[in-house]
Protein chains: 2
Amino acid sequence: MSLPHALLTSLLEQPCSGMDLARRFGRSIGFFWPATHQQIYKELGKLEAAGWVRSSAEEGARGRKRCYEVLPAGEQELKRWVAETDEPPPLRDAMMVRLRAEAALGTGAGVENDLLHRLARHRTQLALYEDIEQRDFTGRELSAAEQLQYLILQSGLTTEREHIRFCEKALALMEALEPAGV
Amino acid sequence: MSLPHALLTSLLEQPCSGMDLARRFGRSIGFFWPATHQQIYKELGKLEAAGWVRSSAEEGARGRKRCYEVLPAGEQELKRWVAETDEPPPLRDAMMVRLRAEAALGTGAGVENDLLHRLARHRTQLALYEDIEQRDFTGRELSAAEQLQYLILQSGLTTEREHIRFCEKALALMEALEPAGV
DNA sequence: TGCCTTTATGCAACAAGTTGCAATTAAAGA
DNA sequence: TCTTTAATTGCAACTTGTTGCATAAAGGCA
């Protein structure tokens, strides 16, 4: 479970409130560790109880806005955790189950729907990553931290391109197996 | 949630008991939809209650072994589900969080441990997939169903190779950023 | 001032999956 | 025969994450 450490990382980059974190997750760490605001608030409470972050009420803001920042103990904990290892996350992909079900049922069951839908989603996501690449990592010298961040983005780019190629290949195969009109 | 449909698919390929299903999951559908025997038993109960499968006690077997087979209503349900669409499964990868944490902490935090560990795991998994490819899909004509199954396996092969390349690239970058001895 | 909207925080119920352990039955061995 | 072992099924507690809704505080506007 990496949410606490994802939050520590994000707060280390920039102290902010829970709502700000939720928004930033949506366009950076959230690409490979999604989290809703509910999870984030709950976890921030635990981080504060553990003495890894502290929060201070923010004057002149709506609601009960609090700003969180990482304490030295939190940075220590993050360092400790970075040096650990994990098993690779298990895949769980319904589309693969569908393809196998289509094979078991005989063709014509309609897995093309999902293939086309995925294709569109992966193209959208790829375009988003390409925008980020263009905006943040192109045409200048990158610091060490930026080179690492770019590496992570490149993983996303490669993954999306692979998914697109897979969907196209699968659709071509379906076409070949079900000649016109089936 | 695709477990019920993964079970229907597997039982359609070959009726069997819960324990047999759990074993077969470990080397086929389980590659992209893992499930423990607990989940499988619970779900088989629901499938039977829904009238999608039926079970019969198996004589001359240890324990209370039951054999499950798909009913016509179950096959209908599977067909219905195959034609649906899903969102692509969200990524959740602790190693990416570690890389970003390493960037935020400054280098030397030790993400190489996880990179090397992953590299070993992905090489093992790739070797397993290559064995299956060699054994089941090489050197003969493939039926339509087998071509689909091979397509799924190829997705696994590509994914593992991409992960290996990523780990190697990341390790090379870490090396470049932390010259000898750091 | 009083009311509505916006921003921020949070509770509670639910869903899916994991882990550890218990119960049932048959085969194998002393 | 009696005990042990293996195979199979299953319960219960826990963890992680989701969804829908509730609460709190400030700003905008009649």
Side-chain angles (χ1 to χ4, degrees), chain A residues 1-7 10-11 15-26 29-50 53-68 81 86-94 97, chain B residues 1-7 10-11 15-26 29-50 53-68 81 86-94 97:
Chain A
M1 216 274 290
S2 309
L3 180 57
H5 301 96
L7 293 176
S10 200
L11 287 175
C16 66
S17 73
M19 187 55 67
D20 293 337
L21 268 179
R23 273 192 285 263
R24 282 165 49 195
F25 256 58
I29 294 195
F31 290 141
F32 42 87
W33 203 278
T36 63
H37 70 116
Q38 310 294 357
Q39 267 182 288
I40 291 174
Y41 284 126
K42 206 184 300 180
E43 202 59 46
L44 282 173
K46 291 183 193 169
L47 293 184
E48 188 156 27
V53 304
R54 73 187 171 91
S55 69
S56 47
E58 214 165 89
E59 304 298 323
R62 288 186 184 176
R64 283 168 297 186
K65 189 168 189 174
R66 309 185 63 73
C67 180
Y68 287 85
W81 175 82
D86 272 305
E87 295 313 304
L91 292 185
R92 238 192 207 104
D93 191 337
V97 179
Chain B
M1 216 274 289
S2 311
L3 180 57
H5 301 95
L7 293 176
S10 200
L11 287 175
C16 67
S17 72
M19 187 55 67
D20 293 336
L21 267 179
R23 273 192 286 263
R24 281 166 48 196
F25 256 58
I29 294 193
F31 290 141
F32 42 88
W33 202 280
T36 62
H37 70 114
Q38 309 295 358
Q39 267 181 288
I40 291 174
Y41 285 126
K42 207 184 300 181
E43 202 60 45
L44 282 173
K46 291 183 194 169
L47 293 184
E48 189 157 26
V53 304
R54 73 186 170 92
S55 67
S56 47
E58 212 166 272
E59 304 298 321
R62 288 185 184 177
R64 281 170 298 186
K65 190 166 189 174
R66 308 185 64 73
C67 180
Y68 287 84
W81 175 82
D86 272 305
E87 296 311 304
L91 291 184
R92 242 194 202 101
D93 192 338
V97 179

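A note on names: the letters A, B, ... follow the listed sequences, proteins ahead of strands, and every chain is numbered from 1. Keep in mind it's a predicted model, so treat the numbers as computed, not measured.
Looking only at side-chain heavy atoms (C-beta outward), B:S17 and B:C67 stay at 4.5 Å or farther from each other. Counting only heavy atoms from C-beta outward, the side chains of B:F25 and B:D20 never approach each other to under 4.5 Å.
Taking the side chain to side chain contact (heavy atoms under 4.5 Å, CB included) definition, one finds that B:P89 meets it with A:D93, A:R118, sequence neighbours left out. With sequence neighbours left out, the ring pair (Phe, Tyr, Trp, His ring centres under 6.0 Å) criterion links B:F31 to B:Y129.
At least one donor-acceptor pair closer than 3.5 Å links the side chain of B:R24 to the backbone N or O of B:S10.
For the OP1/OP2 pair of C:dT9 and a distance below 4.0 Å, the side-chain nitrogens and oxygens of A:Y41 include at least one atom meeting the criterion.
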*How far apart are the C-alpha atoms of B:S55 and B:L44, what are their side-chain angles, what is the distance that settles it, and do they pass the side chain to side chain contact (heavy atoms under 4.5 Å, CB included) test?*
CA-CA 9 Å; B:S55 67; B:L44 282 173; over 6 Å; no
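One atom, CD of B:Q39, and another, P of C:dA16, lie 10 Å apart when rounded to the nearest Å. Taking atom CD1 of B:I40 as the reference point, atom P of C:dG17 lies 11 Å away to the nearest angstrom. Atom P of nucleotide C:dA15 and atom CG of B:L3 are separated by 16 Å, given to the nearest angstrom.
On the nucleic acid side, DNA chain D contacts chain A at distances under 4.0 Å to non-hydrogen atoms, with the end points of that region at D:dT16 to D:dG27.
Here OH of B:Y41 is found 3.5 Å from CE of B:M19. Values are rounded to the nearest 0.5 Å.
For B:P4 against B:L47, the heavy-atom pair with the smallest separation is CB-CD2, 3.8 Å.
No side-chain donor-acceptor contact under 3.5 Å links B:R66 and B:S56.
For the segment residues 16-24 of chain A, the set of residues with a heavy atom within less than 4.0 Å of an atom of DNA chain C comprises A:S17, A:G18, A:M19, A:R23, in numerical order.
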*Nucleic acid footprint by protein, nucleotides 21-30 of chain C - heavy-atom cut-off 4.0 Å, B for base, S for sugar-phosphate alone*: B--BBSSS--
For residues 32-40 of chain A, tabulate all N or O donor-acceptor pairs below 3.5 Å that involve a side-chain atom, not counting sequence neighbours.
| residue | atom | partner | partner atom | Å |
| --- | --- | --- | --- | --- |
| A:T36 | OG1 | A:Q39 | N | 3.4 |
| A:Q39 | OE1 | A:T36 | N | 3.4 |

